[in-house]
Amino acid sequence: MSSVAQTSTTSFTASQQAGKSTSKDPYNDLGTEGFLKLLINELQNQDPLNPMDNAAMVQQIGEIRQISATDTLTSTLSTLSNNQELVTASGLIGRNVKGLATDSTEIDGKVDSVTVETNADTNSRSVKVHVGGKTMEVKNIREIVNG
């Protein structure tokens, strides 16, 4: 009975750690490949007199598949969001907008062009509109004026 309580406590702690987004937590950086390596290492080093239960192995394989599916879904949704932001920005060319420029000044004018900037360090991209000589991120547009 005490091992059940101990397992529950360990699971709770892991759940708490999984919710934190700090770079010091090694579980946040564990991908599918790393998880597979850990599983294989666990299988190779298990006690031959007390091997892993088949149900536990099936559960871990299911977790691997779930992690992989979640990673794929996250990537797909991120791509979709980026593409939607670009479509929205390109639809603003020639329209009047109001918002906050990248230099924290107010902008009120016609959108001349749209650019996409990619940050290789963070693997992110931002869509920006250009109004006159100023630049504004799409998320900082406060109003789209008709006419």
Side-chain angles (χ1 to χ4, degrees), residues 3-46 52-147:
S3 65
V4 172
Q6 189 175 23
T7 303
S8 298
T9 304
T10 304
S11 297
F12 181 72
T13 304
S15 298
Q16 287 177 330
Q17 290 296 328
K20 294 181 182 178
S21 60
T22 61
S23 60
K24 294 180 182 180
D25 185 9
Y27 298 112
N28 283 340
D29 297 332
L30 184 64
T32 305
E33 186 176 325
F35 190 81
L36 280 172
K37 286 179 182 178
L38 281 173
L39 178 62
I40 291 169
N41 195 18
E42 180 180 351
L43 290 172
Q44 288 174 343
N45 295 311
Q46 67 182 333
M52 180 187 291
D53 181 24
N54 286 341
M57 186 179 305
V58 169
Q59 180 183 2
Q60 287 186 355
I61 291 171
E63 289 174 3
I64 292 169
R65 288 184 177 163
Q66 186 177 18
I67 290 169
S68 178
T70 302
D71 286 346
T72 302
L73 180 61
T74 300
S75 175
T76 301
L77 289 175
S78 178
T79 301
L80 180 63
S81 175
N82 288 337
N83 291 341
Q84 182 61 40
E85 193 173 58
L86 181 59
V87 168
T88 300
S90 64
L92 294 175
I93 296 175
R95 308 243 349 236
N96 289 323
V97 295
K98 292 181 181 179
L100 190 63
T102 53
D103 64 359
S104 300
T105 60
E106 291 287 328
I107 296 179
D108 183 0
K110 187 184 287 188
V111 175
D112 301 320
S113 63
V114 174
T115 58
V116 178
E117 293 181 10
T118 304
N119 184 339
D121 294 335
T122 60
N123 196 21
S124 65
R125 80 182 206 179
S126 63
V127 179
K128 298 183 178 183
V129 296
H130 301 275
V131 178
K134 297 195 175 196
T135 303
M136 173 176 31
E137 290 191 34
V138 172
K139 65 183 179 183
N140 289 336
I141 295 174
R142 295 187 180 141
E143 183 178 356
I144 302 169
V145 184
N146 288 331

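Quick caveat, the model's predicted, so the values are computed rather than measured.
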Within the distance-only criterion (no hydrogens, no angle test), does the side chain of S78 pair as donor or acceptor with the backbone N or O of T74 below 3.5 angstrom? no
Would you check if the side chain of T79 reaches a backbone N or O of S75 as a donor-acceptor pair within less than 3.5 Å? yes
Taking all non-hydrogen atoms of both residues into account, name the closest pair between [X] and [Y] and its distance.
| X | Y | answer |
| --- | --- | --- |
| D112 | G132 | OD2-N, 2.8 Å |
| M136 | L100 | CG-O, 3.2 Å |
| V111 | L92 | CB-O, 3.3 Å |
| A89 | V114 | O-CG2, 3.3 Å |

What's the spacing between [X] [atom1] and [Y] [atom2] if we round to 0.5 Å?
| X | Y | atom1 | atom2 | result |
| --- | --- | --- | --- | --- |
| N82 | T118 | CG | OG1 | 9.0 Å |
| N140 | I107 | CG | CD1 | 9.0 Å |
| N83 | T88 | CG | OG1 | 10.5 Å |
| L86 | S81 | CG | OG | 11.5 Å |
| L77 | L73 | CG | CG | 4.5 Å |
| E143 | N96 | CD | CG | 10.0 Å |

The test is side chain to side chain contact (heavy atoms under 4.5 Å, CB included); show your working for Q44 and I40 and say whether it passes. CA-CA 6 Å; Q44 288 174 343; I40 291 169; 3.8 Å; yes
Using side chain to side chain contact (heavy atoms under 4.5 Å, CB included), reason through V145 and K98 one step at a time and then give a plain yes or no. CA-CA 8 Å; V145 184; K98 292 181 181 179; 4.1 Å; yes
Given D103 and K134, is the side chain to side chain contact (heavy atoms under 4.5 Å, CB included) satisfied, shown in steps? CA-CA 8 Å; D103 64 359; K134 297 195 175 196; 3.9 Å; yes
If the condition is side-chain hydrogen bond (donor to acceptor under 3.5 Å, both in side chains), which residues does T115 pass it with, not counting sequence neighbours? H130
Quick one: list whatever passes side-chain hydrogen bond (donor to acceptor under 3.5 Å, both in side chains) with R142, sequence neighbours left out. E106
Any chance you could lay out the side chain to side chain contact (heavy atoms under 4.5 Å, CB included) test for V129 and V138, step after step, and finish with the verdict? CA-CA 7 Å; V129 296; V138 172; 4.2 Å; yes
Quick one: which residue pairs count as a salt bridge (charged side-chain N to carboxylate O under 4.0 Å, His left out) with a foot in residues 117-126, not counting sequence neighbours? E117-K128
Is Q66 atom CD crowded by more than 12 heavy atoms from other residues, nucleotides or ligands, each under 6.0 Å away? no
